[in-house]
Asks: 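I have a structure here, written as structure tokens, and I will follow up with some questions on it.
What's counted below: heavy atoms across the whole structure, side chains too, no hydrogens, waters or symmetry copies. Predicted, not measured: the structure shown is a model, and the values here were computed from it.
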2 protein chains.
Amino acid sequence: MAIARHRAGRERRPTLEQVAERAGVGRGTVSRVINGSPRVSDRTRVAVEAAIADLGYVPHRAARALAGNRADAVALVVPEPETRLFAEPYFASIIRGVSTELAEADIQLLLTLSSTATERERFAQYAAGNRVDGVLLVSVHGEDPLPELLAENGIPAVMNGRRSADESFPHVDGDNVGGARAAVRHLLERGAAAVATITGSRDMYAAQCRLDGYYAELAASGVDEDEGLVAHGDFSEEGGYRAMYELLGRRPGLDAVFCASDLTAAGARRALREAGRSVPGDVALVGFDDSAIARHMDPPLTSVRQPTEEMGRAMTRALLAEIAGEPAAAPGLILPTELVRRASS
Amino acid sequence: MAIARHRAGRERRPTLEQVAERAGVGRGTVSRVINGSPRVSDRTRVAVEAAIADLGYVPHRAARALAGNRADAVALVVPEPETRLFAEPYFASIIRGVSTELAEADIQLLLTLSSTATERERFAQYAAGNRVDGVLLVSVHGEDPLPELLAENGIPAVMNGRRSADESFPHVDGDNVGGARAAVRHLLERGAAAVATITGSRDMYAAQCRLDGYYAELAASGVDEDEGLVAHGDFSEEGGYRAMYELLGRRPGLDAVFCASDLTAAGARRALREAGRSVPGDVALVGFDDSAIARHMDPPLTSVRQPTEEMGRAMTRALLAEIAGEPAAAPGLILPTELVRRASS
DNA sequence: CACCGATGTGGGAGCGCTCCCACCGCGGCA
DNA sequence: TGCCGCGGTGGGAGCGCTCCCACATCGGTG
């Protein structure tokens, strides 16, 4: 029901009008100075700036938004079931990237957790209700109606990641294929004879890419594929644990495993320990995401890091461009990943 | 420089006026219905609600804010150097609590990362510029000028944690003393003969509380204090590592350690492993915060969990009450903590 | 010397709401 | 019957901006 009462004792802030009076100019001129219009003489600009400083004037956001038919704010939408995302450095640094980029443009960041599909539809409504200029989407699943809802309503939006190879929605993603290739190449270079992999959820495109990268690197290195070395996980620790046992049962001689996520690697590591295999002595292990777990595993886990902060910045820049009506250069942007070597391989 | 151009193709949303016309009433009446005023007859209310539904009307936030002299938004301020906070489930679930509570009140959440002290002052300016109705503060350090700046400007604010025992600023905190006591009691009950502790940064009040709890529980259990069993860390892994070696040097016979944070415990665990001590066989280990690391340590770490989601909700409720001008019931609120038992003890 | 465009500038007209005052109609009371 | 009070209602006035049109002013041009 929103906020009911006015606060007492909060002094009234100076208005444009007062600045204008003080500077001895008209309202329009002050507005021009504030918005960096070139159509103001230097002398006038200096005088206005002085008045602004004197009065400690700060533009009133709501008034600006109302008059200018914009919000000067963008929303970052996070699926509620995945607030675990917050627990990832991945996400933290995306936010940092978004935040710095927005600060430069003097645009506010609204954080929205949406749980149900209905709530996401409601959000599209709200977004349309002139509350935000654009939307940043994180962790979008295949069935999520939000991207299309936003598109229908003509609300600029950019998502993190892709839902398929030919994603038409504007997006910024890390190079999953390249990261997986680097990981596998690293294992091969270390002399691994049988490199296995534990995949992520099969219905997620990122998991598919990481598997593709695995195959691609093997092919490039002239190593024959062996389906017995591929086990399916679901990005979870438990999935990694089960898949590792599966692999050990099928190919006891394997000496390296590329896991589709750090959590998966943690599960695999547990299974390996139970099975009496040492890491990296018997089996070398590489994960993906470079999350907090990776650094704190025993031994610390080699992992693929995505340029997350830069991804946040890139998403934001793309969104601001879209909002400004600039024609999109490309539907999406793929940023390079990096292998972080630690003791597990 | 804010957003320059208008978007094309975005259909114009219906206004209050149009709803009024459709329902055959005046603007004021529709406004009353929207704001839940009791001074509307049932028949009129029904008619207006029907018109709202027909038109898919959504109030225009900026217009509301401007006319009503409020923002319907609160800011959550996170010190930039501590975006590592994001990587904590602690923080993630505070956000979840804040977010759900705000959603119920239909108030927006603004996320602000502020790095430097100057930037924090600038933020106080902005906050005063009618951008937000209130502010939530996380991870406030002793020298931070922001709380006082906000207070001077009469901006409602609530912080998470305390800077000292007699914190006068409105706050919500977890029961650090109680949590530490529970941890130590647990270790004693398991039969530990010599319970050591590794503290957090000495200049942080939370660290002091956890140490106080350690002493308090020992006293309550009739165990004599032994300064040799207390080593100082700084909440970091490296600090825990060093402190653990210090302890092992001084009291080789210790068989339990209460660590002021999970990260500290991870460092201690590494030192113990190097020293050939098993966990929990030789030494039982307990951490604090119940972070992601705790679950993924080997063995999984017993840790003290704070009711973080509830803390987020409580902070928000307190803030909304303050904004509404309700007299604060108490300067602060302390919520109980809980010991999560795992294999490390 | 009249005319013109390029610069600057002032200020009216809104943006979509909330607030509040005026007003209407009705029942109860003297 | 006349008057008061009150639940309900309409709509004017503004919130602080941006947009844009109108109006200087000034140096070239023909």
Asks: Whole-Å distance between C:dG16 C1' and B:Leu55 CG?
Replies: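 Between C1' of C:dG16 and CG of B:Leu55: 15 Å.
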Asks: Would you kindly compare B:Leu66 and B:Thr29 by the position of their nearest DNA chain D nucleotide and give the one closer to the 5′ end?
Replies: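 Mapping each residue to its closest nucleotide by heavy atoms, the 5'-most match is B:Thr29.
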Asks: What's the closest nucleotide to the side chain of B:Arg27 if the choices are C:dT9, D:dC17, C:dC17?
Replies: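 Nearest to the side-chain atoms of B:Arg27, counting from C-beta on, is C:dC17.
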Asks: To the side chain of A:Ala63, which of D:dC17, D:dT18, C:dT18 is closest?
Replies: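 Nucleotide nearest to A:Ala63's side chain: D:dC17.
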Asks: If the cut-off is 4.0 Å, is B:Ser31 near the phosphate of C:dT18, judged by side-chain N/O to OP1 or OP2?
Replies: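 So the side-chain polar atoms of B:Ser31 do come within 4.0 Å of the phosphate oxygens OP1 or OP2 of C:dT18, strictly under.
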Asks: When you measure only distances, ignoring hydrogens and angles, does the side chain of B:Arg43 come within 3.5 Å of the base of D:dG8 through a donor and an acceptor?
Replies: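 No, the side chain and the base share no sub-3.5 Å donor-acceptor pair.
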Asks: With the threshold set at 4.0 Å, does a side-chain nitrogen-carboxylate oxygen contact exist between B:Arg163 and B:Glu148?
Replies: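 Salt bridge present between B:Arg163 and B:Glu148.
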Asks: For the pair made of CG in B:Asp72 and C1' in C:dG16, what is the distance, rounded to whole Å?
Replies: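 Atom CG in B:Asp72 sits about 14 Å away from atom C1' in C:dG16.
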Asks: Taking for each residue the nucleotide of DNA chain C bearing the nearest heavy atom, is the 5' side occupied by A:Gly28 or by A:Pro38?
Replies: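 Nearest-nucleotide comparison on DNA chain C picks A:Pro38.
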Asks: State plainly whether the residues B:Asp133 and B:Arg70 are in salt-bridge range, i.e. N to O under 4.0 Å.
Replies: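 No.
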Asks: How long is the line joining CG of B:Asn35 and P of C:dC20, in whole Å?
Replies: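 These atoms are roughly 13 Å apart.
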Asks: Considering only heavy atoms and no angle criterion, is a donor-acceptor pair shorter than 3.5 Å present between the side chain of A:Arg61 and the base of D:dG16?
Replies: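 Result: no qualifying N/O pair found.
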Asks: Rounding to an integer number of Å, can you tell me how far B:Asp42 CG sits from D:dG7 P?
Replies: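 Distance, rounded to whole Å: 15 Å.
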Asks: Does a nitrogen or oxygen in the side chain of A:Arg64 sit under 4.0 Å from OP1 or OP2 of D:dT18?
Replies: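 True: A:Arg64 side-chain N/O within range (under 4.0 Å) of D:dT18 OP1/OP2.
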Asks: Does the side chain of B:Ser41 get closer than 4.0 angstrom to OP1 or OP2 of D:dG8 through an N or O atom?
Replies: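 No.
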Asks: For A:Glu101, is there an ion pair with A:Arg96 - N to carboxylate O distance below 4.0 angstrom?
Replies: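 Answer for the salt bridge query: no.
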Asks: Counting heavy atoms from C-beta on, name the nucleotide in D:dC17, D:dG7, C:dG16 closest to the side chain of B:His60.
Replies: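 Per side-chain heavy atoms of B:His60, the pick is C:dG16.
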Asks: To the nearest Å, give me how far apart CZ (A:Arg13) and C1' (D:dC17) are.
Replies: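 Taking CZ of A:Arg13 and C1' of D:dC17, I get 16 Å after rounding.
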Asks: Between C1' on C:dT9 and CZ on A:Arg45, what's the gap in Å once rounded to a whole number?
Replies: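 Computing the A:Arg45:CZ to C:dT9:C1' distance gives 13 Å.
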Asks: Of the options C:dT18, D:dG10, D:dC17, whose atoms approach the side-chain atoms of B:Val25 most closely?
Replies: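 Closest of the options to the side chain of B:Val25: D:dG10.
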Asks: Hey, is the side chain of A:Arg39 pairing donor to acceptor with the base of C:dT9 inside 3.5 Å?
Replies: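 Answer is no: no donor-acceptor pair is held.
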Asks: Take atom CD of A:Glu167 as the centre, draw a 6.0 Å sphere, and report whether it contains more than 12 heavy atoms from other residues, nucleotides or ligands.
Replies: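 Counting other residues, nucleotides and ligands, CD of A:Glu167 exceeds 12 neighbours.
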Asks: Is the number of heavy atoms from other residues, nucleotides or ligands within 6.0 Å of CD (A:Glu310) greater than 12?
Replies: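 Counting other residues, nucleotides and ligands, CD of A:Glu310 exceeds 12 neighbours.
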Asks: For A:Ile34 and D:dT18, give me the distance from atom CD1 to atom C1', rounded to whole Å.
Replies: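 Result: 11 Å.
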Asks: A:Asn69 side chain N/O closer than 4.0 Å to the phosphate oxygens (OP1, OP2) of D:dT18?
Replies: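 Checking D:dT18 against A:Asn69, no side-chain N or O comes under 4.0 Å of OP1 or OP2.
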Asks: One thing to verify: whether A:Arg317 and A:Glu322 come together as a salt bridge, which I'm taking to mean a side-chain N less than 4.0 angstrom from a carboxylate O.
Replies: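 Not counted as a salt bridge, because no side-chain N and carboxylate O are separated by less than 4.0 Å.
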Asks: At less than 4.0 Å, is any side-chain N or O atom of A:Thr44 found next to OP1 or OP2 of C:dT9? Yes or no.
Replies: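 Answer yes for this pair, as a side-chain N or O of A:Thr44 is under 4.0 Å from OP1 or OP2.
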Asks: Mapping B:Arg32 and B:Tyr57 to their closest nucleotides on DNA chain C, which lands nearer the 5' end?
Replies: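 Result of the comparison: B:Tyr57.
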Asks: A:Arg131 has an atom CZ; how far is it from atom P of C:dC15, in whole Å?
Replies: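 So the CZ-P distance, A:Arg131 to C:dC15, works out to 21 Å.
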